[in-house]
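Below: the structure, in structure tokens.
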Amino acid sequence: MTFASKNPLLAGFYKTLFSIALPIILQNLLQTFVNMLDTIMVGQLGSVAIASVGLGNQIFFMLCMVVFGISSGCAIFIAQFWGAQNLSGIRKTFGFMLVACFLVAIVFLLGGSLVPQKLLALYTKDEAVISEGSRYLRLAAFCYPMLAVTFSCQMAFRSTEHVVLPTVTTAISFGLNVLFNWIFIFGCEMLGIQAMGVAGAALATVIARAVEMIITVLVGIVLKFEAVGKISELLAFDRAFIKKLALVGLPVLCSETLWGLGITTQNSIFSHAGTDSFSAFSIMNTVSQLTWVFFIGMGSASSVILGKKIGAGEEDSARAFTNRFCWFFPLMGAGIGLFLFPISRILPLVFNVEPSIIAITQSMLYVLMCTYPSRAFNMLIIVGVCRSGGDTIFASIIDNGWMWAIAIPLGLAATFVWQLPPWTILLCLESEQILKSACGAWRVKSGKWLHNVTN
């Protein structure tokens, strides 16, 4: 704390960071609890149910990556417009974000509701998993447009430093999801509702997402948040403005899409390694998110902070904050990663699966513990530093280049050629982290990441 006060450019470093980061961390933690609760409750139905919902959520994950890519590209402009206090720029950027994300969600809705079997067959040949996953996906797909609207609003509100509302709406969604999961998955005689299994989990998600969207939109309108304007203001973007957005935002969209495809490829690798391996991989991802939400929040906060400073013309302060972030993030990564060990020891008390699956999950969590410092640093560089500074092409290259050139080929070889144990496959897939960190450190030192995209 005292160090920050010695440098006037770093005044209020921790207060600024955590005032934005903590609500985002809490929101993501609540969302993780929703996902974890789904896995735990569905897990009571057996490993096939876990695998089927896990695969069904891969389609949802791909949608999230595309929507996040569009929103992140637009959020770069919104944060810098916010620093420059340009309300018209904020609103037309937000309007474009809403339209683009909603149209993408409609495409995913059609695919998930009409041809779920074909989509799931891309990941596994297990007929039982495809059958159960289709029941889940066919219904869950109806929450996709609602997710697009909610996510766009939340990104715009965060970028203008309104971080409390997304947390509150997520908390409400969490409570509703818990309630309706219990009612629809296992049935409720009192209400005359029969057990629906995995389809019940999907229905609970749709209801919770609908309520979350309605509250987010209405409160934003009532409280007159800066991003919310008249329809004419939201649709004021023209071809020239879209071209400007595309130059910066398209690399982000491509990056998130490629990254999402990489993650789904990793899921496919583990599904081909066996149902037990994929069930363990699904549990590992759910559990690790309990700690990783800290860095999602910190990365988002650093992006808002740096974007606002760049838009306001405070470039020296932006560089000083970046240098502080660069040692703070990996240090926190090492400390928070240690929490994965005690969490790994209580897995048998939480998940009703075979001991062999628990053992596989634990070994995977130990691998993640070792990669957390690099993972945290890479989150900062890609989401916080490069994107806020408009350096989206470089961010896209390092985010996906090492994954597709090194990590995925190693993972495929480990699975299909060498037939290594699951934790070794994960280690191969995590090999990209060190290479990303080295490239990111070089980019920050060069100073070439900082650009004012609103000029």
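When side chains are defined from C-beta on, Val198 does not count as touching Ile185, because their heavy atoms never get closer than 4.5 Å. Proximity of Ser71 to Cys101: side-chain heavy atoms (C-beta onward) are separated by under 4.5 Å at one or more points. With a 4.5 Å cut-off on side-chain heavy atoms, Val383 and Ser72 do not count as touching. Here the side chains of Leu450 and Ile310 are in contact, with some heavy-atom distance below 4.5 Å. Side-chain contact between Ser288 and Tyr372: present, with at least one pair of heavy atoms (C-beta onward) separated by less than 4.5 Å. Leu368 has its side chain within reach of Arg375: a pair of non-hydrogen atoms, C-beta onward, lies under 4.5 Å apart. Annotation: side chain of Glu212 is not in contact with side chain of Leu147 (no heavy-atom distance under 4.5 Å). Contact check for Thr322 versus Trp449: side-chain heavy atoms found under the 4.5 Å cut-off.
For the residue pair Arg209 and Thr150, the shortest heavy atom distance occurs at O-OG1, 4.5 Å. Here the closest heavy-atom approach between residue Cys143 and residue Thr205 is recorded as SG-CG2, 4.2 Å. Residue Leu306 comes nearest to Gly384 through the heavy atom pair CD1-O, 3.6 Å, listed as atom of the first residue, atom of the second, then distance. Here the closest non-hydrogen pair linking Gly220 and Leu165 is N-CD2, 4.2 Å. Across Gln80 and Gly307, no two heavy atoms sit closer than the pair CG-O, 3.3 Å. Across all their heavy atoms, Pro348 and Ile358 have their closest contact at CG-CG2, 3.8 Å.
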Return a table of donor-acceptor pairs under 3.5 angstrom between the side chains of residues 333-347 and protein atoms on other chains or two or more places apart.
unit_1, atom_1, unit_2, atom_2, d
Ser344, OG, Phe341, O, 2.5
Arg345, NH1, Tyr366, OH, 2.5

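Ring geometry for Phe184 versus Phe180: interplanar angle under 30°, hence parallel rather than tilted (30 to 60°). Under the 30°/60° scheme for interplanar angles, the aromatic rings of Phe294 and Phe18 are found to be tilted. A perpendicular orientation is assigned to the rings of Phe151 and Phe68, their planes being inclined by more than 60° (bins at 30° and 60°). Taking the six-membered ring where tryptophan is involved, the planes of Phe157 and His162 are perpendicular, since the angle between them exceeds 60° and thus also 30°. Using the six-membered ring where Trp is involved, Phe329 and Phe295 have ring planes that are tilted, between 30° and 60° apart. Relative orientation of the Phe325 and Phe321 rings is perpendicular, given thresholds of 30° and 60° on the angle between their planes.
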Steps toward side-chain contact (heavy atoms from CB on, under 4.5 Å) verdict (Cys386, Ile381): CA-CA 6 Å; Cys386 289; Ile381 295 299; 4.0 Å; yes

Step-by-step side-chain contact (heavy atoms from CB on, under 4.5 Å) determination, Met298 to Ile24: CA-CA 8 Å; Met298 297 286 279; Ile24 299 175; over 6 Å; no

Chi angles and distances behind the side-chain contact (heavy atoms from CB on, under 4.5 Å) call for Ile207, Leu203: CA-CA 6 Å; Ile207 295 173; Leu203 180 58; 4.2 Å; yes

Verdict with supporting geometry, Phe94 and Ser159, side-chain contact (heavy atoms from CB on, under 4.5 Å): CA-CA 10 Å; Phe94 175 48; Ser159 298; over 6 Å; no

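One distance of note links CD1 of Ile360 with CZ of Phe281; it measures 12.5 Å at 0.5 Å rounding. Distance check, rounded to the nearest 0.5 Å: SG of Cys439 to CD1 of Ile434 gives 11.5 Å. Here Arg158 contributes atom CZ and Thr167 contributes atom OG1; the two are 7.5 Å apart, rounded to the nearest 0.5 Å. Separation of atoms OG1 (Thr392) and CZ (Arg387) is listed at 8.5 Å; rounding is to 0.5 Å. In this structure, CH2 in Trp402 is found 13.0 Å from CD in Gln433, a value given to the nearest 0.5 Å. Rounded to the nearest 0.5 angstrom, Ile269 CD1 and Leu410 CG are separated by 10.0 Å.
Put simply, the side chain of Asn378 gets close to the backbone of Ser437: a donor and an acceptor are under 3.5 Å apart. Under a 3.5 Å cut-off, the side chain of Asn177 and the backbone N or O of Ser173 do not form any donor-acceptor pair. Not one N or O on the side chain of Thr415 forms a donor-acceptor pair closer than 3.5 Å with the backbone of Leu412. Side chain of Asp399 to main chain of Trp259: no donor-acceptor pair is present (N/O by atom type, distance under 3.5 Å, no hydrogens or angles). Using a distance-only test at 3.5 Å, with no hydrogens or angles considered, no donor-acceptor pair links the side chain of Ser303 to the main chain of Gly299. The backbone N or O of Val385 sits less than 3.5 Å from a side-chain atom of Ser388, completing a donor-acceptor pair. The backbone N or O of Gly297 sits nowhere less than 3.5 Å from a side-chain atom of Ser300 that would complete a donor-acceptor pair.
Residues satisfying the salt bridge (Lys or Arg N to Asp or Glu O under 4.0 Å) criterion with Lys308, sequence neighbours excluded, are Glu161. Residues forming a side chain to side chain contact (heavy atoms under 4.5 Å, CB included) with Val104 (at least two apart in sequence, or on another chain): Leu63, Val66, Ile70, Phe108. Remark: Arg91 engages Glu233 in a salt bridge (Lys or Arg N to Asp or Glu O under 4.0 Å) (not counting sequence neighbours). In this view, Glu314 and Lys309 satisfy the salt bridge (Lys or Arg N to Asp or Glu O under 4.0 Å) rule, not counting sequence neighbours. Not counting sequence neighbours, Glu226 has no partner by the salt bridge (Lys or Arg N to Asp or Glu O under 4.0 Å) test.
In the displayed structure, Ile393 atom CD1 is contacted under 6.0 Å by at most 12 heavy atoms of other residues, nucleotides or ligands. Heavy atoms of other residues, nucleotides or ligands lying less than 6.0 angstrom from CH2 of Trp182 number 12 at most.
Only one option out of Leu261, Ile398, Ile408 pairs with Met403 in a side chain to side chain contact (heavy atoms under 4.5 Å, CB included); it is Ile408. When each of Val228, Val304, Ile90 is paired with Thr160, the side chain to side chain contact (heavy atoms under 4.5 Å, CB included) condition holds for Ile90 and for no other.
For the pair Arg443 and Asp391, the salt-bridge criterion is met [side-chain N within less than 4.0 Å of a carboxylate O].
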